[in-house]
Each structure stands twice: as structure tokens, then as C-alpha cells.
Amino acid sequence: MFVAIGNTPRDYAWGSTTAIAGFRGAAAPGGAEAELWLGAHPGSPARVLDAASLGHDDLAAWIAADPVTALGSRLAEQGARLPFLLKLLAAAEPLSLQAHPTPEQARAGFAREEADGVPLTAYDRNYKDEFHKPELVVAVSETFDALSGFRPLDEVRGVLEVLRAADAAEPQPDPGALDLLEARLSGAHPLLDTVEWLLRDGRGGDTGEASWVVERVTALAASELALASPYALSFETVGALAAAYPGDPGVVISLLLNRVRLERGEALYLAAGNIHAYLDGLGIELMAASDNVLRGGLTPKHIDVSELIDVLDFTPIAPPLLAPVEASPGVAVFRPDVPDFVLYRVEAGADASRVALDGPAIVLVEGDDVTVTGAAGESVGIGRGESVYVTPDERELEVTGPGVAWIATTGAPGASGA
């Protein structure tokens, strides 16, 4: 069964005024459009466009009423929930630094806050549900900028060396703030110690030392020497973040992270514990259907430093790119190490391309129209920016037409992950 779905973009302040409308072929909205949610998450469930045919106005209500049809018997027996959420995300300004828990951390954190009687809507609530939230983002715009994961320590030392040189080149050098930063970076747990100190002392701490470091690093990052260094993009980012969130410890934390620029079609996969922030660009985002976010700066929202430190993975890594695999001509698949979701990019052209399904799916079309045909022979035409929910009984989708079909679905039963 094919069910046409849609939604109203969420108007978060960091959103673009043109990107989502352009993707959909719609008029500019006159305000920010940040995220278009296509799924059954209660925060913004997709609308069923032909509600009369199903008797339900949105995807979440239909799944709750008829989970076997909507999800298939396997998922219906596992809790009757769609395990993934597909989004179109358009960032014109930086999002908050954040990370997401493992399944075990999510279950324990949710149970703890429930037992403590913390309302789900409370400002200081950390865990809104019992689920993890790994996520994948693929660049749709020509470039997509992000921070993701702690960079290798030799790079962190290289950044500090550039700041030292920039300070020494000043008419009146003031290395004191850099001494404080280097002291934290020289311990047994350099990244953990530095992040925890910046967040605790920089957000109302008694010493004011972290605020001094943020102020000094921001000034040095704007120097000619810094902007001509191999880390110029990271220093430019410091300036942009400081302009949006002056004095925020996240400004300095950004220098500890991988500064990533995706080209169109490239992807990042953000596993549990990965600290990240999207900075600019339009992307297809696919994630486990959860609302568990631990924030770490660049936001007026609640930051629980202790819980964040417990969740973060401080292991230095290279940028966590996820390369697609060519499943067949015109079909690229992004398959992370979790069973919650898989993303296909199908560009069939003149020849039909096929995608096998292990569960329900959502199809979102970019560019020109496509026609999608299920195993039972039912076909549906999908236009630019339109989306369709596919029930698992279709088993396989055949895609034809000049447009690009983004197909989000579940991983195979027994896939790795939890």
C-alpha cells in the first residue's frame, strides 16, 4: 500500500528561509524553515494526505490503530512503533553542540527520571523516551558543514600551537589564557578534562577563568596568522559561533572537534556519544525515532554537564564519514551499524531500479518526478518534494523516472546494533 504523506516544516530560528521551499518547489515562506519531519514521531507526525481513505489524520494515529498493516507483524510485535524518522534539514545558522545516548543509557536515564517524577515537558528533562538516537545526514546542498567527534590529539596540539603563535605576534602578548587551556589538555584525560572544565566554569563558575579563555581564543582566532593556518576553517567557525553565542564555552570546544565539510552526496554517521553540531547546509537526515538529546553548548537550552560527560565518547576519531555502497546501477545505499534504518538514494534515469524492503519505507523525491511500483503491481507517481509511506507488504520497489528517490527503511532483521 502507498500512502501519500506530508508535513509543515518546523520553524526553528536556525533554519533557512529558502532551502526547504526550494527542495519542494514551493514559494519562499517568509520565515525560517528548519526541519521537515516525515515519520510517526509524536513531536510532529506526518499528515496522511488522504485521511478519509484510512480514517486517520496522521501517520502515528494510523500505526497505533493498525500496526500490522502499517508496520508488518515483526515490528508490530516489537512495540508497534516506526523505528526511524526521516527529515529534510536546512541549517542557516549553527545548531547546538549535542550528543545522544546508547540504548542502555537511554533506558536507564528514562527510568531514573520517571522514578524521580520529572515531567516530560520539564526544562531540565534529559530523557524523553527509552530509545537511542544514532543519526545519518547526507548533503543535498553543494556543501554541508558540521562539527563531528573529537579530532585527533595531534591536531588539537596543532591548533594550540597556532594560537600560541598568534598570541606571540600581538603587540602585547597575553598567553595566560592559553596556559590555562594547555594545562587541561596536558592531563591524563585531556579532552574530558577540558570539556568538563569549560562547561562547568564557563557557565556560572566561580573563577571566571574559562570565560577568559573563550574571550582570548575568540580574539586570536580572528588573527591573520590563524586564518592563514591549516586550521583556517576551524578558526573561521570560532568567529561564526562567537557571533551567534558570544562567550559560550562551545566556541572553544569547537576547536577540539573535527570540522567537516561534506560535498553533495557525502554522508556523516553519528553514533552514540558523538558530539556534533550542524552548521550550514541542506541535508537528508535519517535517525532512530527518539528525542533524547544531551546538549553541550551553543544553546540557551538546558545543559546537564554530568550527564553529558557520561554520554560522550571522548575517543579521538577521524571525521565519521559513511560511504555509500552501490547496490545496483543507480542505487546507492547508506547502511550504518544499527538495525533501525537504512537509506537508499535511487537515480534510475531511463532504466528501472529496484530496492528490496525488509520493513516499511518512506520515499521522498528530489528534483523531477518518479514512479514507484510495488511487488504487487500498484504504482504511484511522486512529484518534486512529495513523499509516500510504503507498507512492508510491497516487499520491493521499482523506481523509474528522471528524479531522485530517497528511500528510508528499516535494516534487515538481525542486523548489528541495538
Side-chain angles (χ1 to χ4, degrees), residues 5 7 9-10 19-20 23 34-41 43-46 59-60 71 75 81-91 95 98-100 103 129 131-141 144 146 148 260 262 264-272 274 276 278 281-293 320-325 327 331-347 355-366 382 385-390 392 397 399 404-412 415-418:
I5 59 174
N7 214 335
R10 312 203 84 178
I20 290 179
F23 183 97
E35 295 180 344
L36 178 71
W37 290 27
L38 298 171
H41 192 283
S44 181
L59 203 54
L71 300 174
L75 291 180
R81 63 184 291 270
L82 185 64
F84 63 83
L85 173 61
L86 178 65
K87 293 183 181 180
L88 189 60
L89 180 145
L95 280 68
Q98 58 190 265
H100 310 299
D129 53 60
F131 305 103
H132 68 164
K133 192 188 175 189
E135 56 190 52
L136 166 73
V137 63
V138 185
V140 173
S141 49
F144 186 95
S148 181
V260 184
L262 299 177
R264 176 176 166 80
E266 292 183 329
L268 279 174
Y269 172 58
L270 311 173
N274 180 298
H276 60 277
Y278 300 143
L282 176 68
I284 298 288
E285 189 180 27
L286 182 58
M287 63 185 65
S290 170
D291 199 22
N292 287 327
V293 179
L321 303 176
L322 181 65
V325 174
V331 179
V333 56
F334 299 88
R335 190 182 301 276
D337 62 350
V338 291
D340 307 75
F341 56 83
V342 174
L343 181 65
Y344 292 87
R345 183 184 186 274
V346 183
E347 194 166 9
V355 171
L357 301 180
D358 291 304
I362 293 175
V363 183
L364 172 64
V365 170
E366 177 187 359
I382 311 174
E386 295 178 350
S387 50
V388 168
Y389 184 86
V390 184
L397 300 181
V399 180
V404 175
W406 295 93
I407 302 176
T409 186
T410 57
S416 61

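If you read the sequence from its start, that first residue is 1, and numbering goes on from there. Fair warning: this is a prediction, and the values are worked out from it, not measured in the lab.
A donor-acceptor pair shorter than 3.5 Å cannot be found between the side chains of Asn274 and His100.
Side chains of Leu36 and Arg10 form no contact here, defined as non-hydrogen atoms less than 4.5 Å apart. Considering only heavy atoms from C-beta on, Thr410 stays 4.5 Å or farther from Val342 through its side chain. Residues Ile284 and Leu343 meet the side-chain proximity criterion, which asks for heavy atoms closer than 4.5 Å. No side-chain heavy atom of Leu88 sits less than 4.5 Å from a side-chain heavy atom of Trp406.
Considering Val390, Leu82, Ile407, Thr409 as possible partners of Ile362, the one that fulfils the side chain to side chain contact (heavy atoms under 4.5 Å, CB included) test is Leu82.
Using modelled atom types, one side-chain atom of His276 and one backbone atom of Gln98 make a donor-acceptor pair closer than 3.5 Å. Judged by distance alone, the side chain of Asn7 and the main-chain N or O of Ser44 form a donor-acceptor pair under 3.5 Å. Remark: side-chain polar atoms of Ser141 are paired, donor with acceptor, to backbone N or O of Leu282 under 3.5 angstrom. Checked by atom type and distance alone, the side chain of Ser387 pairs as donor or acceptor with a backbone atom of Ile5 at under 3.5 Å. In terms of modelled atom types and a separation under 3.5 Å, the side chain of Arg264 and the main chain of Val140 share a donor-acceptor contact.
Between Phe144 and Tyr278, the ring-plane angle classifies as perpendicular under the 30° and 60° cut-offs.
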Practice task
Give the C-alpha distance, both sets of side-chain angles, the deciding distance and a yes or no for side-chain hydrogen bond (donor to acceptor under 3.5 Å, both in side chains) between Tyr269 and Asp337.
Solution key: CA-CA 10 Å; Tyr269 172 58; Asp337 62 350; 3.2 Å; yes

Practice task
Evaluate the criterion side-chain hydrogen bond (donor to acceptor under 3.5 Å, both in side chains) for residue pair Ser290 and Asp129; output intermediate values, then yes/no.
Solution key: CA-CA 7 Å; Ser290 170; Asp129 53 60; 2.9 Å; yes

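Atom-to-atom distance recorded for Tyr389:OH and Leu86:CG is 12.5 Å, nearest 0.5 angstrom.
Cation-pi contact between Arg81 and Phe131: present, with separation from the ring centre below 6.0 Å and deviation from the ring axis of at most 45°.
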